[in-house]
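Quick note on labels: first sequence line is chain A, next is B, and so on, each numbered from 1. Atoms considered below: every heavy atom in the structure, side chains included; atoms not considered: hydrogens, waters and symmetry mates.
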2 protein chains.
Amino acid sequence: MDEDGSARPQTAVTADDVARRAGVSRWTVNRAFKKDASISARSREKVLSAAAELGYVPDLLAASLASSRSRLVALLIDDFANPHKLVMLERLTRILQHAGWDTLLVNMLSEDDGRDALMNASQRRVDAAILIGIQFDDKVLAAALGARRVRKLIIFARSSQNAETISIAVDDVAAMTEITSHVIDRGYARPMFLAGPQTYSAHLLRKETFVAQWTARVGRAPEVISVETYDPARAFDRVHQVLAPRNGRGLPDVLVCENDALAIGAIDAVRHKLGLRVPEDIAVTGFDDVPLASSPNYRLTTYRQPLTAMANRIVEILNEDREPGNHCDFLGQIVSRDSA
Amino acid sequence: MDEDGSARPQTAVTADDVARRAGVSRWTVNRAFKKDASISARSREKVLSAAAELGYVPDLLAASLASSRSRLVALLIDDFANPHKLVMLERLTRILQHAGWDTLLVNMLSEDDGRDALMNASQRRVDAAILIGIQFDDKVLAAALGARRVRKLIIFARSSQNAETISIAVDDVAAMTEITSHVIDRGYARPMFLAGPQTYSAHLLRKETFVAQWTARVGRAPEVISVETYDPARAFDRVHQVLAPRNGRGLPDVLVCENDALAIGAIDAVRHKLGLRVPEDIAVTGFDDVPLASSPNYRLTTYRQPLTAMANRIVEILNEDREPGNHCDFLGQIVSRDSA
DNA sequence: GCGCAATTTGCACGCGCGTGCAAGATCATT
DNA sequence: AATGATCTTGCACGCGCGTGCAAATTGCGC
């Protein structure tokens, strides 16, 4: 919509060009683009229209270099098999963008230990790193924080005991207590817990809570099995492997899964490998409420995390100057469907 | 002017610091970090060890500013309901990272028309924008290319007729021809095609190809229905809505779906709303081979795109100086499972 | 109109590194 | 040992904008 006829399509138009055209100084131009800068309405108007004519937009790269603030966060993931990650990505990027933060997506699957990924992000001067994967061990955290290359390390949807990190997660104890009650109230008596990978730094308390609650209220400890990634296919294999030999004698009557990814694989195994019905023969519960959980195939009883509120908390933390308390717990809600 | 003046290990150590310690000039330091720079093995060694001691890493921000090359690409998505996107994200980021490119994830769901998203990316000086969504209409493309803010516009997994863009996609005609043959060979006679959103700029030729092929080979045109997003839930509703009234009289015997997201919703509807079996009563085919397609629940006959090769092509294009031909077709392979 | 305060504007300097070239060092050859 | 030829190193300048302050302008009451 704006070609002044001069043939220079490629030229990076800078604040100086706009300044010249608007008859002000370069600094006034940049002020016009700053939200709460001290500038008169008239000059801002002049500058903005001149900028529009020239097609100028401030260069965030140069701004970042000068201010050492990039409004860029790194999002580190190592868990692409879990469909919930797509939901998280959408929610996080949308809310961060809305608040003026851009997102650098870092795939940690290919890195040996995640160190490289963090290093990489730090070279871009990200203002924070958000971890939404699982394999973040203490070495990685220590490396990141020790080198002080990343100023804020936010662990999302998992709890961290590390005092240097900020973790934003649902209250696993409250959530799992609710699920335990749900299972007990429905009259299930022989539960088996299906857990995901057990990591140190970024923890989930679901297994511990379920085991403790069940033991306390029923009087005996539940069975527990686990898989090394949140992959439905892994859960499928594991459930088949564990339950098939016991088919006909002493099967559990409910599979309590650490999340929906595992629950979906578990349901498939129960139906298609054991030839049993869900929930009539074996009930299943999940966690996360992924889109597939509401499909008529699964009708999964699960627990929904308040992702929007949690993402908004990230924005608050990013906007704060000093690091706040290192832990935020949120409460979600159980979603009761047919699977349990 | 930072706060507490306490001993700060962070320091933002620069090339100058390393240079001083290594007894060379700053430029030699930066050369040590450049792959094919002219530098003697001895000085590189000196520099690297000095850098290691100080914890120095080159600042990509400053490098980008100075060289006007950021090795950063924007990945624009507006289609988070389609599980295939998670697969694409993983593959693309992994391969791009491996080749030294970082990825800025831009969520276009919240933008009015995508213009803002592109503008945003351009302010970060991305070297290219990769579109893997669907709603990119000509206005957006024109805006992006007209302003020349983005030097390379790559449309991934869709075809574009726009001469200014580069599109990397599977050969829809070849793929759909293969699927059509598969369907005909299996003896199906009353197909219905389930299409996704019809966009102008970034096109899929699947529907057109199937309709043309079927008509040519069987002698009559197949039915076609469509939904406005690649969301299994939408497909579920639509299939239910269209087929339920016809249950018992004149149902199709195969649903050919534009991709797996739609196919999965379609299967659920056939089973749980129509109470019919797949494939015995109605067969279903998809496209993409998402992880769920191999689950025992769906056993979906589908078509796998060579994502790795396609992603590698992106890397090639990014590394090239001048824009190459604007269209790359790839061949995938049909994956025959039980659903058709 | 005057004086003072509040607002608005301009500016020197620096953020950390790349580019292109020229000076310096090294090596093989005669 | 001298001469180029080759490899290696150093450097001035600029990328586009922020910061903090000083200078210029405006507003206001009288």
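The minimum heavy-atom distance linking A:A32 with A:V47 is given by the pair CB-CG1, 3.5 Å. Contact detail for B:A50 and B:A22: the closest heavy-atom pair is CB-CB, 3.9 Å.
Atom CD1 of A:I39 and atom C1' of C:dG10 are 12 Å apart (whole Å). Atom-to-atom, CG of A:D16 to P of C:dC11 comes out at 11 Å; the value is rounded to the nearest Å. In this structure, A:K35 places its NZ atom 18 Å from C1' of D:dG18, rounding to the nearest Å. The nearest whole Å value for the distance from the CZ atom in B:R124 to the C1' atom in D:dC15 is 17 Å. To the nearest angstrom, C1' of C:dT8 lies 12 Å from CZ of A:R44. Atom pair A:F33:CZ and D:dG16:C1' shows a separation of 14 Å (rounding to whole Å applied).
Remark: the backbone N or O of A:A169 is not paired with any side-chain donor or acceptor of A:Q305 at under 3.5 angstrom.
Nucleic acid contact for B:R125: sugar-phosphate only, since backbone atoms but no base atoms lie under 4.0 Å from a heavy atom of the residue.
If you check the side chains of B:R158 and B:S167, you find no donor sitting under 3.5 Å from an acceptor. In summary, the side chains of A:Q97 and B:N120 do not present any donor paired with an acceptor at a separation below 3.5 Å, with no hydrogens or angles considered.
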- prompt: Could you walk me through whether A:D59 and B:R125 pass the salt bridge (charged side-chain N to carboxylate O under 4.0 Å, His left out) check?
  reply: CA-CA 8 Å; A:D59 186 324; B:R125 295 232 199 153; 2.5 Å; yes
query: salt bridge (charged side-chain N to carboxylate O under 4.0 Å, His left out) between B:R42 and B:E45: does it pass, once the steps are laid out?
result: CA-CA 5 Å; B:R42 212 183 45 215; B:E45 187 64 29; over 6 Å; no
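In terms of the salt bridge (charged side-chain N to carboxylate O under 4.0 Å, His left out) criterion, residue partners of A:D102 (sequence neighbours excluded) are, by chain and number, B:R124.
A heavy atom closer than 4.0 Å to some atom of DNA chain D occurs in B:S25, B:W27, B:T28, B:R31, these being the qualifying members of residues 25-32 of chain B. Looking at residues 60-73 of chain A, you'll see A:A62, A:A63, A:A66, A:S67 sit with a heavy atom under 4.0 Å from some atom of DNA chain D.
Close to D:dT19, at under 4.0 Å from its OP1 or OP2, lies a side-chain N or O of A:K34.
For A:R42 and A:T14, each mapped to the nucleotide of DNA chain D holding its nearest heavy atom, the one lying further toward the 5' end belongs to A:T14.
Ion pairing between a basic and an acidic side chain is recognised when a charged N comes within 4.0 Å of a carboxylate O; B:D127 and B:R151 show such pairing.
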